[in-house]
Amino acid sequence: MLTRSRFIAAFAAAIATFAAAPASAQSWPNKPVKIVVPQTPGGASDALARIVGQKLAEKWGQPVVVENKAGAGGNVGTDHVAKSPADGYTLLMSYVGTQAINGSLYKSLPYDPYKDFVTVATLATVPFALVVNQTFPPKSVAELVAYAKANTGPVNFGSAGNGSLNHLLGEMMNQSQGIKLVHVPYKGAAGALTDTIAGQIQMTFSSLPSVAGHIRSDKVRALAITGPRRSPAFPNVPTLGEAGYAGFEISPWFGLLAPAGTPAAVVRKINADVAEVLRDKDTLEKFAGAGADPYATTPEQFARILQEDIHKWSQVVKTSGAKID
């Protein structure tokens, strides 16, 4: 039987819990925040995390530490965040590749890409650029396809690893054009780009922020970009659609996730602060220079986008035949 004293105690506890929720969000963060990037340094995830992390640190008055935890196609760092305390102090810098593709690509994962996380905030959409070594003869995608069909020697393309988005883009090119570009997997996109510059391989699909500086310095030649429109950063580089190759209108999202169970009030605070950062003039200039488009959503919108992309990319992986045990 619920006595009067027990009722009063229970009511007081409920009031204290209710009052503590907004207070915890208001006082958060009161220590450093870590953003885990599950890829090697030098890629789009790393670049965007550092741009936004610096601005959030200024806003919060607390350090925001970017930690690269690469391995197993992004699964090592992603699993680390999934198993971290759900307090908002450990965030995951993710993108379509690790969060929407790996679930279909790997036979088993130590985490659920959807259920073990809460979507916090999208940061940007980023097209990929098809870049080639400067000594490679083709000057357009049409010339590349013709070259691959006419030459008996292999045309090698590098990727961040088996099943990575740049791997799947190459396989999509193979299937749509009836050619046989040879896949060379690396432990991260930076290695594939380095060897493209050096001429060890002929080409790679690279996220625009990670390759923008190399295009400007003529270390590689950009034949086309994915995405629905040309990048303002490189207005002379056509889209693959413009070049006559449909189905490559791909500009993957990049965003922050947190372990499932992270307080909703903290998630909302981070989302609102990220949205403010994405309106900042300095951020906009850095994003534009890197070829990234700011992309702000609510946590709920982000969740729907992730769910839709998990379904969409499962079909692409199935068609490609890519699978990793």
Side-chain angles (χ1 to χ4, degrees), residues 24-25 28-54 56-57 60 62-106 108-124 126 160-161 163-165 187-189 207 252-271 273-274 277 295 297 299-300 302-303 305-307 309-310 313 324:
S24 65
W28 186 97
N30 56 23
K31 63 180 182 179
V33 176
K34 180 169 66 176
I35 299 177
V36 174
V37 176
Q39 286 86 29
T40 54
S45 297
D46 183 67
L48 295 174
R50 293 181 189 281
I51 292 172
V52 173
Q54 179 185 349
L56 290 175
W60 292 338
Q62 292 288 345
V64 175
V65 181
V66 176
E67 179 180 337
N68 296 90
K69 211 174 222 5
N75 294 335
V76 172
T78 304
D79 184 48
H80 171 79
V81 175
K83 293 176 171 58
S84 294
D87 54 11
Y89 288 99
T90 303
L91 304 173
L92 175 68
M93 179 65 200
S94 192
Y95 87 116
V96 168
T98 50
Q99 217 68 25
I101 294 177
N102 282 3
S104 298
L105 179 68
Y106 286 81
S108 63
L109 291 175
Y111 60 87
D112 186 297
Y114 189 78
K115 295 179 181 178
D116 288 345
F117 297 89
V118 58
T119 47
V120 178
T122 50
L123 304 183
V126 172
S164 60
L165 184 53
K187 294 181 179 179
S207 63
W253 53 259
F254 288 73
L256 297 174
L257 292 91
T262 299
V266 172
V267 170
R268 286 194 298 273
K269 174 175 174 54
I270 300 172
N271 181 274
D273 290 344
V274 166
V277 165
Y295 184 43
T297 62
E300 294 77 17
F302 188 7
I305 292 166
L306 175 57
Q307 202 166 32
D309 275 350
I310 288 173
W313 284 99
I324 300 176

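Keep in mind that the numbers below use all heavy atoms, side chains included, and drop hydrogens, waters and symmetry copies. Note that this is a predicted model, so its numbers are computed, not measured.
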Heavy-atom check, side chain of [X] versus side chain of [Y], under 4.5 Å:
X      : Y      : value
Asp46  : Thr40  : no
Gln99  : Pro113 : yes
Thr119 : Leu256 : no
Leu123 : Val274 : yes
Val126 : Leu48  : yes
Val33  : Trp28  : yes
Trp313 : Ser104 : no
Pro38  : Leu92  : yes

Indicate yes or no for a side-chain donor-acceptor contact from [X] to the backbone of [Y] under 3.5 Å, with no hydrogens or angles considered.
X      : Y      : answer
Asp309 : Ala100 : no
Tyr106 : Ile101 : no
Thr262 : Ala258 : no

Check side-chain hydrogen bond (donor to acceptor under 3.5 Å, both in side chains) between Tyr295 and all other residues, then give those that pass, not counting sequence neighbours. none

Could you pull out all residues at least two apart from Asn102 that satisfy side-chain hydrogen bond (donor to acceptor under 3.5 Å, both in side chains)? Asn75

Taking all heavy atoms of [X] and all of [Y], pick out the closest pair and write down the distance.
X      : Y      : value
Pro259 : Pro85  : CG-O, 3.8 Å
Glu67  : Lys34  : OE1-CD, 2.9 Å
Val120 : Phe302 : N-CD2, 3.8 Å
Leu165 : Pro252 : CD2-CG, 3.2 Å
Ala86  : Gly261 : CB-C, 3.6 Å
Phe117 : Val81  : CE2-CG1, 4.1 Å

Spacing of [X] atom [atom1] and [Y] atom [atom2] [to the nearest 0.5 Å]:
X      : Y      : atom1 : atom2 : value
Glu300 : Asn271 : CD    : CG    : 8.0 Å
Gln39  : Lys187 : CD    : NZ    : 15.5 Å
Thr297 : Trp253 : OG1   : CH2   : 9.5 Å
Leu56  : Leu91  : CG    : CG    : 9.0 Å
Ser45  : Asn68  : OG    : CG    : 9.5 Å
Tyr89  : Asp87  : OH    : CG    : 7.0 Å

Would you check, one step at a time, whether the test side-chain contact (heavy atoms from CB on, under 4.5 Å) holds for Val37 with Val66? CA-CA 7 Å; Val37 176; Val66 176; 3.7 Å; yes

What do the steps show when you test Met93 against Val36 for side-chain contact (heavy atoms from CB on, under 4.5 Å), and what is the final call? CA-CA 6 Å; Met93 179 65 200; Val36 174; over 6 Å; no

Kindly assign one of parallel, tilted or perpendicular to the pair Phe254 and Tyr95, based on the angle between their ring planes and the thresholds 30° and 60°. parallel

Pairs where residues 72-81 contributes a residue and the test salt bridge (charged side-chain N to carboxylate O under 4.0 Å, His left out) is met, not counting sequence neighbours: Asp79-Lys83

Please evaluate residues Thr78 and Thr98 with respect to the criterion side-chain hydrogen bond (donor to acceptor under 3.5 Å, both in side chains), reporting the C-alpha separation (whole Å), side-chain torsions for both, the decisive distance (0.1 Å), and the verdict. CA-CA 8 Å; Thr78 304; Thr98 50; 4.6 Å; no

Any chance you could lay out the side-chain contact (heavy atoms from CB on, under 4.5 Å) test for Thr90 and Ile35, step after step, and finish with the verdict? CA-CA 6 Å; Thr90 303; Ile35 299 177; over 6 Å; no

